[in-house]
Structures are given as structure tokens and as C-alpha cells.
Amino acid sequence: MSSVGSKSELLNVLGEVKARVQDKLGIVDFPMPQFILIGKQSVGKSRLIEALAGETFNFISGTLGSRRPTVLEFRHSASSVQSRWHVRNPTTNQWEEHPIAQVMKLVGQRHEELGESVSAQPIYVRIESAGCVDMQIVDLPGFRDFALDTGKQALADQIEELDMSFMRDPRNVMLCVEQAGDAATMAALAKCRNVDPKFERTILIRNKLDKYYRDLTPDNVNKWVDGFGDLPENLRRFALTLPHWKEGEAPPKPFRQITDDCNAEDVSQLQQRGLSGKYMQTIGFKNFVSYMEKKIEHMFGEAITPVLASLKELKENAESEEKGLSQELQDTDPNRILSTTRDCGVSFAMALTHVMEGVLDLKPVSNLEDELKEFHNYHQALGSNHFSTLPSEDFSGLADYIDFLRSEMALATFDVEVNGGAQFRRLMSEVEIFLRFSEIAVETKKKDVIQARGVSMSTLTWRDVVVKLLSNEAHLPLQRRVRYVGERIRWFFENQKEAVLEFMDKLEGTPSANMYSPLYPKHAKLIKQNEIIRSLVFSTYDMACQRQLNQFVDLFDNMLTSTFSNPWVFLKGATTGVSGESEDLSDAVLPSFEDTKERIPVEIESRCATEGILSKWLGDIPTESSMIDDAVDKVQMLVLRTYSFIRSQVCDQVELFSESFFKLPMMRRLEEDMALIELSEEDTRTFEARRDRLDDEIKNAQANLVEIDACISRIQSFQLKSLRGP
């Protein structure tokens with residue numbers, strides 16, 4: 001086999017880079033192509049590997065066979081008199097040279113240590129010899145068709161899943177080994193078809209061709225090689241005979257000579273049977289090797305550019321990480337840590353304002369259905385029962401309420417995924433609808449009316465009776481729904497933390513960065529990287545949300561208490577405009593003094609409209625004992641109507657109350673809360689421990705940069721050498 005120096009060096013370069021990236025940096029997803037060898041047990045996979053290595057060997061894997069991948073790196077060395085074998089030490093990731101017998105033992109031990117299980121962690125073996133082909137192959141455990149018991153079946157299933165995980169990777173080219181029989185019964189090839197329907201990365205190797213010499217005639221040889229129509233035209237395939245001899249006997253000739261003889265016999269036999277010239281290049285081991293050498297050179301040559309691009313991207317990320325860790329180490333200096341934490345918190349509080357004003361392309365976002373489900377699941381897990389979770393008992397469950405909001409109320413933003421201010425505005429629409437379902441839960445009975453009227457030193461009026469009944473029967477249902485509003489707002493704010501943090505972090509390097517504080521990206525990185533700062537900022541934020549919830553509920557409860565103690569004052573209608581006013585604004589002018597004097601008495605009179613209606617209803621209630629049934633009906637009607645007026649007023653103003661009692665105080669006081677963060681002794685100790693870990697992380701990041709720079713330098717040196725030529 002001829003030496004291909006540049007190709008051998010190319011494989012060495014990319015193999016070294018892959019080892020550094022995957023093993024030292026721990027990065028698995030890297031654009032490096034490779035060949036994987038698949039097939040059932042005993043189809044000749046091991047003999048194919050021996051033919052590529054140019055000598056016989058036997059990886060001892062016990063009675064259970066191989067249970068992990070073996071990465072075989074073949075390197076052609078024309079000057080080598082004797083083959084050299086190396087195994088990569090899994091602890092140091094360094095290649096160690098061993099005698100072939102020791103290599104076989106080490107490989108066997110790595111398989112046997114797994115017992116009846118499998119592992120995706122490969123064994124790395126390198127062979128350098130004059131008989132090798134420049135190639136790298138991942139030998140996968142063979143598929144098992146038969147299992148004696150459930151334990152063996154479980155092992156077979158694990159092996160199949162391991163193999164399929166490699167086969168699904170689009171970077172892997174599959175070398176599928178089958179016996180040269182009926183193409184329609186090739187089980188391993190069928191598995192390849194499942195993951196590679198167009199056979200764009202599948203190469204079929206039909207072994208044991210010599211068993212079918214006698215079946216081939218000039219009439220059928222071309223059809224047989226073509227699979228009698230069962231093999232797709234675009235599937236690259238080879239038919240060959242690998243070295244073999246009687247079991248238990250020594251090879252009759254040197255292994256490489258047997259390989260050459262088998263190749264020559266395959267070619268001769270099919271030429272004698274008149275095989276077409278276009279198929280002859282698919283016959284024999286040498287044609288297979290020739291194709292593989294060209295395929296390898298093409299694949300790995302194409303890989304150079306994306307590998308280099310990935311390395312440069314890795315370098316940028318590593319430099320950014322190292323810079324961030326160094327900055328965190330500086331900012332967590334014991335003399336500065338408290339001020340740093342407070343500064344991060346103040347930036348977070350300021351950024352909340354921007355998020356509430358509306359920022360595009362922030363995550364996470366949610367539609368109203370997901371938002372309500374998450375809210376209900378959260379409180380269901382907590383076992384909350386201090387507020388109503390559904391607006392009415394008439395709803396069978398949350399799904400029914402969600403369907404009502406989507407279908408009947410047709411909220412315009414129901415299915416829109418938003419966050420920040422847009423989500424808060426949608427929340428206000430939902431809680432207003434929720435509040436409007438509030439009803440008095442019990443029917444007013446004759447006994448309740450008589451009991452509420454009682455006697456007094458002064459005269460008790462029906463007005464006093466209505467107030468008592470409202471306070472007893474109507475206050476609690478509305479109060480429980482108001483608490484739902486408060487809990488929804490608190491939950492909304494607590495779920496804006498990640499959106500605020502993303503807003504701060506994504507500003508770096510964008511045109512919008514100049515519009516906001518330059519400290520936002522720096523503080524965002526500190527909050528993300530430092531768990532203590534993150535915990536302190538987020539816990540302070542959550543405490544502020546809880547404080548505002550408590551104030552919101554207290555203020556709203558006080559308002560409801562005063563409302564139900566004297567609903568007649570609360571229900572004075574809002575001032576309305578003078579009747580007959582034109583809606584056309586084109587001729588609008590400032591009113592004259594006379595117009596103002598005429599407007600005022602009309603407005604005062606209109607404010608009393610609701611109270612006048614209620615007073616008329618109160619006057620219609622009979623006071624005679626004989627008409628108590630009629631009085632009960634009228635009192636019940638008046639209680640319901642008065643409650644509907646109160647409910648309408650509260651619902652009309654729920655957004656105002658939410659803004660005044662929750663949102664504005666929360667956002668105005670949050671910066672002050674963050675500026676008052678204090679560190680406990682435990683926090684201080686945790687910071688010190690974090691600084692110790694930071695030293696190690698910085699050293700690790702710097703070591704990663706050294707590895708990445710070495711990989712980039714290695715590839716660029718190879719490119720320059722290739723351009724200069726030999």
C-alpha cells in the first residue's frame with residue numbers, strides 16, 4: 001500500500017484536535033467526521049479491521065462480547081519494520097505504547113469491567129505499521145439477534161440503543177458489514193435505512209463473496225452484484241472476501257499475503273463470469289481500500305474549515321468566560337462584596353422598569369392559558385386556600401374557565417406569548433373578568449332580615465338592615481376574589497426575574513446598549529455566575545413582592561370594609577357631562593364663566609342619581625309587621641342590586657387599585673430595597689468559599705484557552721505546510 005504522507009498527517013492533526021476538544025475540554029458536539037463499523041456478530045467485522053491493520057489480533061472481550069465502542073486509528077508508516085501499538089490512558093488522555101499482547105489484555109479489561117451493561121465511553125487504540133491503511137474507525141458492538149434469557153436480552157437492547165445513538169449522528173459515515181447473501185434479508189442495512197433513508201452516509205460491505213462463486217454465472221452475475229434490484233442505485237457497495245483459514249490452525253501464509261490472494265481471487269472469479277466493468281471497481285478488498293482512502297481525504301479535507309471555525313468560536317467563548325470569572329473575582333473582593341451585591345440589585349430594579357415599559361424578543365414568554373395553568377399548579381402545590389381559584393362555582397374546573405376566556409370573552413391577546421408590561425395589561429383584563437363573577441353566596445332569608453332589624457335606642461331603618469346584610473353576606477366573597485387579584489399580580493412580578501435578567505445580559509454589543517446603563521451586562525453576568533449574589537437579589541425582590549401583596553390586600557380590605565359599612569357614600573355616581581354636549585372636538589373652546597356656573601349644579605345633581613334610586617327602593621319597603629314577606633323580598637332585591645353597584649365600581653377601578661396599591665409602590669421602592677441588602681455571616685463565608693472556587697475556575701478557563709490555541713495553531717500550521725507543498 002502506498003504512503004500518503006499529507007493524508008496521514010491530516011488524520012493525525014484532526015485526531016489530535018478531536019482528542020483535545022472532546023477529552024480535555026469535554027465538548028462532544030464537534031464537527032468532526034468519522035467512520036463507524038456496524039453489523040451483526042460473526043459477520044466479519046473483526047476480520048475487516050485486521051485486514052485494514054495488516055495483521056491479525058484478537059481483542060479479548062469475554063463471553064459477552066464487546067460492550068463499548070473501540071476507536072481504532074490506523075496510521076500507514078512505510079518505514080516501519082514492526083507494528084507499534086498504543087492505547088490512550090483514560091486518566092491522563094496520553095497515548096501509551098504497549099506490546100500487542102498487553103494491548104489485547106487492556107482492551108479486554110475495559111470490556112469486562114462493564115459486566116452485563118454497556119458504555120458509550122470508548123477505548124482508543126492506535127496502530128502504526130507499513131501494512132496499515134490511513135484511516136480511523138469506531139468499531140461498535142455487534143447487533144444480537146438471539147438471547148438465551150432476559151438478562152442477555154436486556155444487554156442486546158442496550159447494545160442496539162448504543163449503536164443507534166452513533167448511527168443517528170449525521171457526522172458519522174456507516175460501514176455496514178453483511179454476509180454476501182440475499183440483499184432483501186440484510187437486517188443491519190435495514191437499520192441504516194431507518195436513520196439514513198437516502199443512503200447518503202452508508203457504505204455496504206458484502207463479506208464472504210467466495211461462498212457464492214458457484215452460484216454466479218454470466219447470466220446472473222451483474223444482477224447479483226446489483227442485489228437483484230433490492231439495493232438502491234445510490235448505495236455505495238462492495239463485495240469481497242476477507243482472509244480466512246481452518247479454525248484452530250495457524251494461517252498458512254503471512255496475513256497480508258492471504259489478504260492479497262483473496263482480493264486477486266475475487267477479481268479473477270468475477271471477471272471470468274463476465275462481470276460488467278462498471279461493477280468491477282466494487283469487487284475486492286483493494287478496491288474498497290482505494291475508495292476509502294479517497295473518501296477519507298475528501299471528508300477530512302472538507303472538515304478542516306468548519307473545525308477551525310468551531311475552534312475560533314470556542315476561543316471567543318472561552319475568552320469571554322475567563323474575563324467574566326476574573327471580573328467576578330475582582331468584584332467579590334471582601335472589601336467590595338456588599339457594595340457589588342447592592343449595585344447588582346439596584347441595576348436589576350432599574351431594568352424591571354424597562355421590561356415593564358415593553359422590550360422586544362425577551363424570554364421567557366407565555367400565553368394566558370399557560371400562565372393560568374402554571375399559577376394554579378403553583379398554588380395547588382402550596383395548598384393555598386385563602387382565595388378563590390375559580391371565579392364561580394359554575395365553572396367545572398380551570399379548563400372550563402380557560403375555554404370561557406378564549407371562546408366567549410375572546411381576549412385579543414389570549415394566545416399571544418408575551419411578558420413584561422404587555423403581560424401585566426393582559427393580566428388586568430383577566431382579573432377584572434374574574435372579579436365580575438363575584439356573587440352573594442347565600443340567599444337572604446326571612447329570619448336574617450328579622451334578626452338584622454332588631455331594636456335600638458334610636459330608630460333602625462331598612463338602610464341599616466341592608467348594610468348589616470351586605471357586611472355579613474357580601475363582603476367575604478368579594479374579599480376572596482380581591483386576594484386572587486393580589487396573588488396573580490405577585491406571581492406575575494415574581495416570574496419576571498428571568499426576563500429582566502435576560503434584558504440586562506443581551507444588551508452587550510447591541511445598538512440599544514447606548515440607551516441604557518452600561519452596567520447592566522456586567523451586573524447580569526455577576527448575577528448569573530454568582531449564586532450568592534443571585535440568591536440575595538432574587539430573595540430581596542421576592543420579599544418586595546410579598547410586602548406589596550400584603551399592602552395591596554390590607555388597603556383593599558380597608559376600602560371594602562369602609563364601603564360595606566357605608567355603601568351609600570361609595571355609590572354616589574361619578575360626575576357626568578352636561579347633556580347635549582357635542583362630541584365634535586373641532587369647535588371645542590374654553591368654557592365661559594357663565595357656562596361653568598350652569599354646569600356645576602347639573603353635575604352635582606347627576607352625582608346623586610344612584611343614591612336617589614337606592615333611596616326610592618328603600619322607601620318602597622313596607623314597615624308593617626303583616627307585610628314582612630313582601631319586605632323580605634324587597635330587602636333581598638335591594639341587597640343584590642346594591643352589591644352589584646359595589647361590584648361594578650370595584651371592577652371598573654381594579655386596574656387603578658392595582659397600579660396604586662401594588663405596581664407603582666413596588667417599582668418605586670424596589671431600588672431602595674436593593675440598596676439596603678445586608679450580608680449575613682453565612683453569606684460572607686459562602687462568598688469566601690466561592691472566591692476559592694473562582695481561582696480554580698479561572699485556572700481551568702486559562703488552561704482551556706491554551707488547549708484551544710494549540711488546536712488552532714496546529715491546524716493553521718498544517719494549512720500553511722500544505723500550501724507550500726513538499
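Bear in mind that the values here come from a model prediction, so they are computed numbers and not experimental data. As a basis for the values below, the full set of heavy atoms in this structure was taken, side chains included, without hydrogen atoms, waters or symmetry mates.
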Query raised in the report: Looking at Glu655, Glu659, Lys663, which hits side-chain contact (heavy atoms from CB on, under 4.5 Å) with Met428?
Result: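 Testing Met428 for a side-chain contact (heavy atoms from CB on, under 4.5 Å) against Glu655, Glu659, Lys663 leaves exactly one candidate, Glu655.
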Looking at [X] and [Y], does any basic side-chain N land under 4.0 Å from a carboxylate oxygen?
X	Y	value
Lys522	Glu508	no
Lys497	Asp542	yes
Arg436	Asp652	yes
Arg483	Asp557	yes

[X] vs [Y] side-chain heavy atoms within contact, under 4.5 Å:
X	Y	value
Phe661	Gln551	no
Glu678	Leu338	yes
Val365	Val418	no
Ile489	Leu427	yes
Leu352	Tyr541	yes
Gln546	Arg490	yes
Glu321	Leu325	yes
Phe552	Val485	yes

Requested in this report: Could you check Lys191 against Glu161 for salt bridge (Lys or Arg N to Asp or Glu O under 4.0 Å), going step by step and ending with a plain yes or no?
Outcome: CA-CA 11 Å; Lys191 297 181 190 294; Glu161 181 54 37; over 6 Å; no
Report task. Could you walk me through whether Leu405 and Leu368 pass the side-chain contact (heavy atoms from CB on, under 4.5 Å) test, one step at a time? Result -> CA-CA 9 Å; Leu405 291 173; Leu368 186 54; 4.1 Å; yes
**Report entry** Phe395 and Tyr401 aromatic ring geometry - parallel, tilted or perpendicular at 30°/60° bounds
**Finding:**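 Plane angle over 60°, so perpendicular.
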Query raised in the report: Parallel, tilted or perpendicular: which describes the rings of Phe538 and Phe348, with under 30° parallel and over 60° perpendicular?
Result: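 Tilted.
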If you take all heavy atoms of [X] and [Y], which pair is closest and at what distance?
X	Y	result
Pro665	Gln548	CB-NE2, 3.2 Å
Met356	Gly420	SD-C, 4.1 Å
Ala351	Val500	CB-CG1, 3.7 Å
Leu398	Leu372	CD2-O, 4.0 Å
Arg168	Val195	CG-CG1, 3.9 Å
His376	Leu390	CE1-CD2, 4.4 Å

Query raised in the report: What pairs with His379 under ring-ring contact (aromatic ring centres under 6.0 Å, His included), at least two apart in sequence or on another chain?
Result: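 Applying ring-ring contact (aromatic ring centres under 6.0 Å, His included) to His379 gives Phe375, Phe387.
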Exam field: side chain [X] to backbone [Y], donor-acceptor pair closer than 3.5 Å:
X	Y	value
Ser407	Asp403	yes
Asn558	Asp554	yes
Glu502	Lys363	yes
Lys506	Asp361	yes
Asn495	Trp491	yes
Ser165	Leu162	yes
Ser535	Glu531	no

Query raised in the report: Would you say Glu313 has more than 12 foreign heavy atoms packed within less than 6.0 Å of its CD?
Result: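 No - once you tally the heavy atoms of other residues, nucleotides and ligands closer than 6.0 Å, there are 12 at most.
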Query raised in the report: Hey, is CD on Gln380 packed in by over 12 heavy atoms from elsewhere, all under 6.0 Å?
Result: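 For Gln380, atom CD is not crowded (no more than 12 foreign heavy atoms under 6.0 Å).
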In Å and rounded to the nearest 0.5 Å, what is the [atom1] to [atom2] distance from [X] to [Y]?
X	Y	atom1	atom2	value
Thr413	Leu411	OG1	CG	6.0 Å
Cys344	Leu519	SG	CG	9.0 Å
Thr353	Met667	OG1	CE	3.5 Å
Thr510	Met515	OG1	CE	9.5 Å
Leu435	Ser648	CG	OG	11.0 Å
Met167	Glu160	CE	CD	8.5 Å

Report task. Would you please say whether a donor-acceptor pair under 3.5 Å links the side chains of Tyr378 and Glu487? Result ->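 Tyr378 vs Glu487: no donor-acceptor pair found between side chains.
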Query - Exercise: do Asn419 and Gln496 side chains pair donor with acceptor under 3.5 Å - result: no
Report task. Apply the test ring pair (Phe, Tyr, Trp, His ring centres under 6.0 Å) to residues Phe662 and Phe657: give CA-CA distance (whole Å), side-chain angles for both, the deciding distance (0.1 Å), then the verdict. Result -> CA-CA 8 Å; Phe662 203 125; Phe657 292 148; over 10 Å; no
Requested in this report: Take Val431 and Arg481 through the side-chain contact (heavy atoms from CB on, under 4.5 Å) test and state the conclusion after the steps.
Outcome: CA-CA 9 Å; Val431 295; Arg481 284 164 176 79; over 6 Å; no
Query raised in the report: Which pairs with one or both residues in residues 368-377 pass salt bridge (Lys or Arg N to Asp or Glu O under 4.0 Å), sequence neighbours excluded?
Result: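 Listed once each, the pairs are Glu369-Lys373, Glu369-Arg406, Glu371-Arg426, Glu371-Arg488.
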Report task. Could you go through the side-chain contact (heavy atoms from CB on, under 4.5 Å) check for Leu670 and Met674 one step at a time? Result -> CA-CA 6 Å; Leu670 188 57; Met674 295 296 185; 4.1 Å; yes
Query raised in the report: Yes or no on side-chain contact (heavy atoms from CB on, under 4.5 Å) for Val650 and Leu560, after CA distance, side-chain angles and deciding distance?
Result: CA-CA 9 Å; Val650 170; Leu560 290 178; 4.2 Å; yes
Query raised in the report: Which pairs, with at least one residue in residues 664-675 and sequence neighbours excluded, count as a side chain to side chain donor-acceptor pair (under 3.5 Å)?
Result: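 Every pair satisfying side chain to side chain donor-acceptor pair (under 3.5 Å) with a residue in residues 664-675: Arg547-Asp673.
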